[in-house]
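Here's the structure, in structure tokens; my notes come after.
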Amino acid sequence: MGGETFSVHTAVVRGAEALPVTVEVSLSGGIPGMTLVGMPDAAVLEARSRVRCAIAGAGYERPRLHVTVNLAPGELKKKGSGFDLPIAVAILAATHQIPRQGLDDALFVGELALDGSIASVRGMVAYAVLAKRMDLRLVCGSDADIPDSLRDQVQVIESLSQLRRGANALEGLAPYLNRIYGSDRIAAPAQEDKPDTLDFVDVIDQEVAKRALVIAAAGGHGLLMVGPPGSGKSMLAKRLPTILPPLTEAEELQSMLLYSVAGETFMGGREHKRPFRAPHHSISLVGMVGGGSPVLPGEISLAHNGVLFLDELPEFSPGALQSLRQPMEDKEVRIVRADGTYRFPCDFQLIAAANPCPCGYLGDPGHECRCTPAQIVKYQNRVGGPLMNRIDIVVNVARPREDRLIGEQKGLSSREMAELVQGAREFSSWRSAHHGLDVAQKKNMGVAEAQFEQKAITTLEGIASRKALGGRAISRIVRLSRTIADIEGCETVGRDEVVEACSYRTQDNG
């Protein structure tokens with residue numbers, strides 16, 4: 001049996017993608033054992049013990065030869081326990097204990113238990129994407145969380161012992177979709193979504209803030225809510241996903257891939273809900289933007305296609321806050337390491353909340369503020385001008401009136417607000433197509449592209465002169481005005497839209 005060789009396909013996750021790897025096994029005479037080459041890390045080297053025990057635990061015979069395992073390409077660092085399954089499959093095929101037919105058409109990824117059972121590993125969605133691109137079947141454990149669009153590409157295997165069946169090594173392995181949702185397992189998810197427990201109708205006496213959230217959702221604008229404790233800022237922010245349009249199939253796949261790479265489960269996939277991330281203000285720089293060893297996506301990437309909510313904004317470390325500036329512009333974070341550059345998408349909508357002062361009661365008629373002017377200025381300057389320049393809307397959230405809270409006066413509901421947002425986005429798409437605006441023109445919109453009326457231009461010039469507004473502030477007002485006009489279904493921007501937009505931007509001079 002000496003001199004036998006065999007190879008199978010596998011992959012390794014690097015950043016937000018999986019890169020193909022070939023597992024080559026060679027059997028030779030000498031002292032029985034296993035040598036792993038190809039830049040394996042500690043977790044890969046531990047596969048030697050797991051694979052030997054798993055082969056015996058599944059009822060196969062351990063080879064009494066020296067096994068050399070090469071992970072190609074050799075210059076690529078191999079990390080993780082997902083190499084257990086492909087190494088075991090290659091050894092069993094090389095020793096003719098399982099049929100070889102069909103193995104070339106599969107990409108194997110999985111961690112082995114000592115009894116031969118197989119579990120999924122971090123990044124299964126990335127492996128499924130690679131398998132589809134390479135026209136291979138992904139063979140993995142049954143606990144893998146795979147999006148609907150890729151499930152026909154996946155077959156599950158619960159134990160190494162299943163590989164001995166039939167003339168084809170993979171004969172009898174059920175497709176993922178049937179295996180997980182077939183009659184022998186659990187019922188398929190219901191077609192109707194469960195009603196959301198969060199609704200804006202529960203937020204009483206905050207119609208101005210709700211209006212600002214509708215504008216933010218319609219145009220994808222960043223928003224900062226400033227108000228005393230207990231005014232409802234967090235309640236408002238947590239309900240924002242209920243008025244955003246559902247994830248598209250492509251966006252859902254992107255989100256599931258990033259969560260899979262991070263080792264987390266994306267809970268919004270079944271209902272196509274957009275991600276909502278609310279990290280604590282003690283978060284580190286690495287936790288915010290990503291990094292570490294292995295390099296994993298941070299909160300801004302996990303919020304991709306969704307919302308990043310930063311409560312108590314001035315309490316975040318200056319480094320973590322300022323690290324948001326470039327990713328917000330580029331919609332991508334680039335992490336440079338000695339072995340190359342890792343890229344993660346991060347197209348998120350920033351929603352933040354802050355108290356007006358350290359004690360929180362500045363401007364609150366029901367409480368006395370005990371902060372000194374110097375303390376107030378220092379507290380408000382913690383956020384920093386460059387980040388504030390990237391927040392389009394600043395809205396004051398006052399404490400609700402007691403009689404309206406007790407009387408439970410209802411305002412706009414999530415359904416009504418979602419209809420406004422959807423209508424505005426559809427009108428914006430129609431208007432852009434009708435007037436031939438491309439992506440660059442929509443991003444760098446001037447009064448001409450936004451179709452300002454002459455009265456609107458005159459009003460904007462007067463406000464800009466009185467407030468000494470800079471170029472960035474004027475550009476933000478133009479975009480906000482255009483979004484407000486889209487909500488109203490107006491093809492041109494009038495004076496009223498400009499005045500409302502300026503009311504959200506009078507706290508700075510940009």
Side-chain angles (χ1 to χ4, degrees), residues 193-227 230-248 251-252 254-255 259 266-269 271-281 299-313 316 324 328 331 346-354 387 390-398 400 410-426 428 476 479-480 483-484 486-487 500 504:
D193 295 336
K194 295 181 180 179
D196 202 310
T197 57
L198 297 178
D199 196 301
F200 273 105
V201 76
D202 300 326
V203 186
I204 300 172
D205 197 25
Q206 294 294 0
E207 299 310 300
V208 174
K210 288 182 183 180
R211 169 70 173 180
L213 284 165
V214 167
I215 298 171
H221 303 287
L223 180 145
L224 171 63
M225 293 177 285
V226 180
S231 57
K233 302 186 296 296
S234 298
M235 287 184 64
L236 289 163
K238 291 177 181 178
R239 285 158 175 77
L240 179 60
T242 65
I243 67 174
L244 293 173
L247 288 169
T248 65
E251 290 173 337
E252 180 184 341
Q254 290 177 337
S255 294
Y259 273 70
F266 180 56
M267 304 304 295
E271 294 82 16
H272 307 289
K273 294 179 182 177
R274 295 188 176 273
F276 181 85
R277 304 293 296 190
H280 190 261
H281 57 74
E299 288 292 329
I300 61 174
S301 294
L302 296 179
H304 180 61
N305 294 323
V307 177
L308 178 68
F309 175 49
L310 303 183
D311 201 2
E312 304 292 346
L313 184 66
F316 283 79
L324 300 176
M328 288 178 67
K331 311 300 182 184
C346 57
D347 188 1
F348 60 89
Q349 184 170 0
L350 177 63
I351 304 297
L387 180 61
R390 290 162 174 81
I391 297 177
D392 295 338
I393 302 174
V394 179
V395 60
N396 290 317
V397 182
K410 302 297 183 182
L412 284 174
S413 67
S414 289
R415 175 173 293 185
E416 293 170 320
M417 295 170 68
E419 290 174 355
L420 291 174
V421 172
Q422 184 65 25
R425 291 194 175 208
E426 290 176 355
S428 176
R476 285 196 301 271
R479 292 198 301 268
L480 277 177
T483 300
I484 295 170
D486 289 338
I487 294 174
E500 183 177 359
Y504 299 120

Are Phe200 and Arg415 close enough that some pair of their side-chain heavy atoms sits under 4.5 Å apart? no
So do Ser428 and Asp486 actually touch side chain to side chain, heavy atoms under 4.5 Å? yes
Distance-only check: which donor-acceptor pairs under 3.5 Å involve side-chain atoms of residues 417-425, not counting sequence neighbours?
residue: Gln422; atom: NE2; partner: Glu426; partner atom: OE2; Å: 3.0
residue: Arg425; atom: NE; partner: Ala217; partner atom: O; Å: 3.2
residue: Arg425; atom: NH2; partner: Ala217; partner atom: O; Å: 2.6

Check whether any side-chain N or O of Gln349 sits under 3.5 Å from a backbone N or O of His221 as a donor-acceptor pair, and report yes or no. yes
For Ala212, give me all partners under side-chain contact (heavy atoms from CB on, under 4.5 Å), at least two apart in sequence or on another chain. Leu223, Ile393, Val395, Tyr504
For Asn305, give me all partners under side-chain contact (heavy atoms from CB on, under 4.5 Å), at least two apart in sequence or on another chain. Leu247, Glu251, Gln254, Ser255, Arg274
Return the set of residues passing side-chain contact (heavy atoms from CB on, under 4.5 Å) with His280 (not counting sequence neighbours), or none when no residue passes. Ser282
Across all chains, not counting sequence neighbours, the ring pair (Phe, Tyr, Trp, His ring centres under 6.0 Å) partners of Tyr259 are Phe266
Using side-chain hydrogen bond (donor to acceptor under 3.5 Å, both in side chains) as the criterion, list what pairs up with Glu299, not counting sequence neighbours. Arg277
Quick one: list whatever passes salt bridge (charged side-chain N to carboxylate O under 4.0 Å, His left out) with Lys233, sequence neighbours left out. none
What residues form a salt bridge (charged side-chain N to carboxylate O under 4.0 Å, His left out) with Asp205, not counting sequence neighbours? Arg404
Sub-4.5 Å side-chain heavy-atom contact between Arg239 and Asp202: yes
Set of residues satisfying salt bridge (charged side-chain N to carboxylate O under 4.0 Å, His left out) with respect to Asp392, sequence neighbours excluded: Arg479
Leu310 and Leu350, any side-chain heavy atoms less than 4.5 Å apart: yes
Pick one: which of Val203, Val397, Leu198 meets side-chain contact (heavy atoms from CB on, under 4.5 Å) with Met235? Val203
Sub-3.5 Å donor-acceptor pair from the side chain of Gln206 to the main-chain atoms of Ala398, do we have one? yes
Pairs in or reaching into residues 208-219: which pass salt bridge (Lys or Arg N to Asp or Glu O under 4.0 Å), with residues at least two apart or in two chains? Glu207-Lys210, Arg211-Glu488, Arg211-Glu500
Evaluate the side chain to side chain contact (heavy atoms under 4.5 Å, CB included) criterion for residues Ile391 and Arg476: first the C-alpha distance (whole Å), next the side-chain angles of each, then the deciding distance (0.1 Å), finally the verdict. CA-CA 9 Å; Ile391 297 177; Arg476 285 196 301 271; over 6 Å; no
Which residues satisfy the salt bridge (charged side-chain N to carboxylate O under 4.0 Å, His left out) test with Arg390, sequence neighbours excluded? Glu329
